[in-house]
Every structure is written in structure tokens, then in C-alpha cells.
Amino acid sequence: MDANDLLMSGGIKSIKWKDEPIGYTVLGTIVDPPKAEQMTKFESTELDFWPSGDPKMQIVVTIQTELRDPSDSLDDGKRKLHIPPRMMRPVREAIQRVNGPGLEVGGRLAVRRTGGTGATGSPFEFAAEYARPTLDPASLMKDTGTPAQPAAPMLTQPAAPASPPPTAAASLGIQQTAVEIPPPPGMDPVKWAALPDVQKQAVLAAMAPTAPAPF
């Protein structure tokens with residue numbers, strides 16, 4: 001434990017399970033590397049040992065949660081999650097499901113109480129889920145101290161004039177041939193050829209004989 005850990009360790013609340021109902025879930029983001037420490041006996045500060053004399057060890061990890069103590073205006077939501085041997089298995093299996101190497105800073109850990117009272121003969125039972133931290137793309141960019149060179153301007157070509165939309169026949173690959181409209185009798189062929197087709201058709205319509213009205 002370094003100096004700051006010793007100084008600040010008293011300010012982070014620990015998650016308690018005994019007063020919470022079955023189904024109670026704690027979810028948070030890991031903010032510090034997990035640590036191993038020796039357990040104490042139930043509701044005691046006395047260090048606990050296995051019958052073999054080996055110390056009972058647990059994992060302690062600090063997570064950032066949405067929990068807040070309304071009586072503590074300085075509560076920032078950080079909580080110490082103690083992972084005893086009985087909780088280790090579901091946490092380990094949750095990590096294995098996502099191919100993680102272990103608990104990682106930035107990972108998301110959820111633990112749910114699924115049974116037990118915590119008393120002798122009725123240990124707590126837990127389920128867990130874990131999500132590995134996502135990679136920040138900005139972390140891949142290394143500052144080399146060399147200012148970035150501006151990108152060369154792209155050369156653009158002037159846009160080609162828009163072509164008129166193809167007719168229905170042309171869109172099917174059919175070549176159409178213009179049909180010449182012959183001049184009416186007495187019309188100068190040179191002047192007739194200079195007229196647009198619409199005007200030619202109007203002249204022909206005006207010169208057409210009118211059918212007699214029926215009696």
C-alpha cells in the first residue's frame with residue numbers, strides 16, 4: 001500500500017450485502033487495479049485463516065457506481081467491492097466468457113446477490129457479469145512532436161455540362177431517326193426548312209381543308 005492508498009482508503013465506502021435483499025445488484029466501472037488482501041472473520045477485525053493455517057484471501061476492487069449516500073454530500077459513488085472465495089468463481093467465469101485476462105481498469109463489473117444470508121451455514125451466493133474496457137482510438141495516436149503537415153489540396157476537374165435526359169426510347173438503346181415534314185404546295189422550300197417542326201405542323205393544320213358541317 002502506498003502513501004495515498006493509506007491516506008485515502010478510509011474515504012471509500014465498502015459494499016455491504018447482509019442488509020440487501022436477494023436480487024440486489026451492484027454495477028460499476030473499475031477505476032483502480034484490483035488488490036489481494038487477507039480476510040477478517042465475520043463481523044470482526046480479526047484476521048481469518050483456513051484450518052491449514054493459510055490466510056484466507058480476498059480481492060478488493062474499487063468501482064465507480066451510481067450509488068450515493070444521501071447523508072454524505074461528498075459521496076462520489078466509488079465503492080470497494082470485496083470478492084471473497086465464494087464470489088471469485090462467478091466473477092472468474094464472467095471474465096472467461098469475454099476472454100479477459102482478469103479484472104481490468106475500465107472494465108464493467110456487475111455482481112448480484114442470488115442467495116444465502118451470510119451467516120454460518122448459509123453463505124452468500126452470487127452471480128456476475130463482466131465487460132472488458134473499450135479501446136479509445138485516440139490512445140493509439142502518439143505525439144511525435146512534429147506538427148502535422150497540411151494535406152495537399154485536391155485537384156478537381158470542371159464539371160462536364162449536363163446532358164439532356166434520354167428519351168424513353170433512347171434509354172432502351174433504340175436509335176430514333178428524324179422524319180422530315182414536306183412543305184405544302186406553293187411554299188418556298190428554303191424558308192420552310194428554316195421553320196421549327198412545331199410551326200410547320202401548325203401551318204399544315206391551318207391549311208388543311210375543313211370538313212363540311214353535317215345537316
Side-chain angles (χ1 to χ4, degrees), residues 1-140:
M1 178 181 293
D2 62 24
N4 279 328
D5 286 338
L6 179 61
L7 175 65
M8 303 304 294
S9 60
I12 301 178
K13 297 177 173 59
S14 295
I15 295 172
K16 306 294 185 183
W17 300 98
K18 68 173 184 176
D19 297 326
E20 303 297 345
I22 292 176
Y24 178 72
T25 303
V26 174
L27 169 65
T29 301
I30 299 172
V31 297
D32 288 318
K35 300 176 181 179
E37 67 176 35
Q38 187 172 356
M39 298 174 61
T40 59
K41 292 184 178 179
F42 184 65
E43 294 187 342
S44 170
T45 58
E46 183 181 354
L47 294 178
D48 201 1
F49 295 85
W50 295 105
S52 63
D54 294 331
K56 288 186 178 181
M57 303 298 293
Q58 65 181 349
I59 298 169
V60 182
V61 61
T62 302
I63 59 177
Q64 179 65 58
T65 74
E66 298 295 329
L67 301 174
R68 297 294 186 275
D69 183 352
S71 65
D72 183 359
S73 61
L74 300 179
D75 187 357
D76 60 0
K78 289 182 180 179
R79 295 291 187 272
K80 285 187 178 294
L81 173 64
H82 294 77
I83 305 177
R86 184 165 289 274
M87 191 189 294
M88 287 184 189
R89 179 176 178 179
V91 171
R92 178 171 56 251
E93 291 175 347
I95 295 171
Q96 290 173 341
R97 283 194 292 271
V98 295
N99 297 319
L103 295 174
E104 306 160 277
V105 174
R108 296 274 288 172
L109 178 63
V111 177
R112 174 177 296 171
R113 180 186 166 195
T114 59
T117 63
T120 302
S122 181
F124 288 130
E125 297 176 2
F126 300 97
E129 290 295 339
Y130 179 70
R132 299 194 62 183
T134 56
L135 179 64
D136 180 6
S139 66
L140 301 177

Under the salt bridge (charged side-chain N to carboxylate O under 4.0 Å, His left out) definition, can you give me all pairs with a residue in residues 47-62, not counting sequence neighbours? Asp48-Lys56
State which residues pass side chain to side chain contact (heavy atoms under 4.5 Å, CB included) with Glu66; sequence neighbours excluded, sorted by chain then number. none
List the atom of Val105, the atom of Pro33, and the distance in Å for their closest heavy-atom pair. CG2-N, 3.6 Å
Apply salt bridge (charged side-chain N to carboxylate O under 4.0 Å, His left out) to Arg68 and list each qualifying residue two or more places apart in sequence or on a separate chain. none
Atom pairs and distances, donor-acceptor, side-chain atoms in residues 81-91, under 3.5 Å, two or more places apart:
| residue | atom | partner | partner atom | Å |
| --- | --- | --- | --- | --- |
| Arg89 | NE | Glu93 | OE2 | 3.1 |

My understanding is that only residues two or more places apart in sequence, or in another chain, count here; which of them pass side chain to side chain contact (heavy atoms under 4.5 Å, CB included) with Ser71? Asp69
Starting at CD1 of Ile30, measure out to OH of Tyr130 and round the result to the nearest 0.5 Å. 4.5 Å
Identify, with sequence neighbours excluded, every residue that meets side chain to side chain donor-acceptor pair (under 3.5 Å) alongside Thr40. none
Side chain to side chain, Leu109 and Val111, heavy atoms closer than 4.5 Å: yes
Can you check side chain to side chain contact (heavy atoms under 4.5 Å, CB included) on Arg132 and Glu104, steps first, answer last? CA-CA 7 Å; Arg132 299 194 62 183; Glu104 306 160 277; 2.8 Å; yes
Listed partners of Asp72 passing side chain to side chain donor-acceptor pair (under 3.5 Å), at least two apart: Lys13
Might you point out which heavy atoms bring Ala110 and Leu27 nearest each other, and give the distance in Å? CB-CD1, 3.7 Å
Going by the salt bridge (charged side-chain N to carboxylate O under 4.0 Å, His left out) test, which pairs reach into residues 108-126, not counting sequence neighbours? none
Side chains of Ile63 and Asp32 in contact at under 4.5 Å (non-hydrogen atoms): no
Phe124 CZ to Thr114 OG1 distance, which is reported to the nearest 0.5 Å: 11.0 Å
Among all residues two or more places apart in sequence or in another chain, which pass the side chain to side chain donor-acceptor pair (under 3.5 Å) test with Arg79? Asp75
Sequence neighbours excluded, which residues qualify as side chain to side chain contact (heavy atoms under 4.5 Å, CB included) partners of Phe49? Gln38, Leu47, Pro55
Kindly list each side-chain donor-acceptor pair under 3.5 angstrom involving residues 94-102, sequence neighbours excluded, with atom names and distances?
| residue | atom | partner | partner atom | Å |
| --- | --- | --- | --- | --- |
| Arg97 | NH2 | Ala128 | O | 3.0 |
| Arg97 | NH2 | Glu129 | OE1 | 3.4 |
| Arg97 | NH2 | Glu129 | OE2 | 3.2 |

Applying side chain to side chain donor-acceptor pair (under 3.5 Å), name anything that partners Ser122, two or more places apart in sequence or on another chain. Thr117
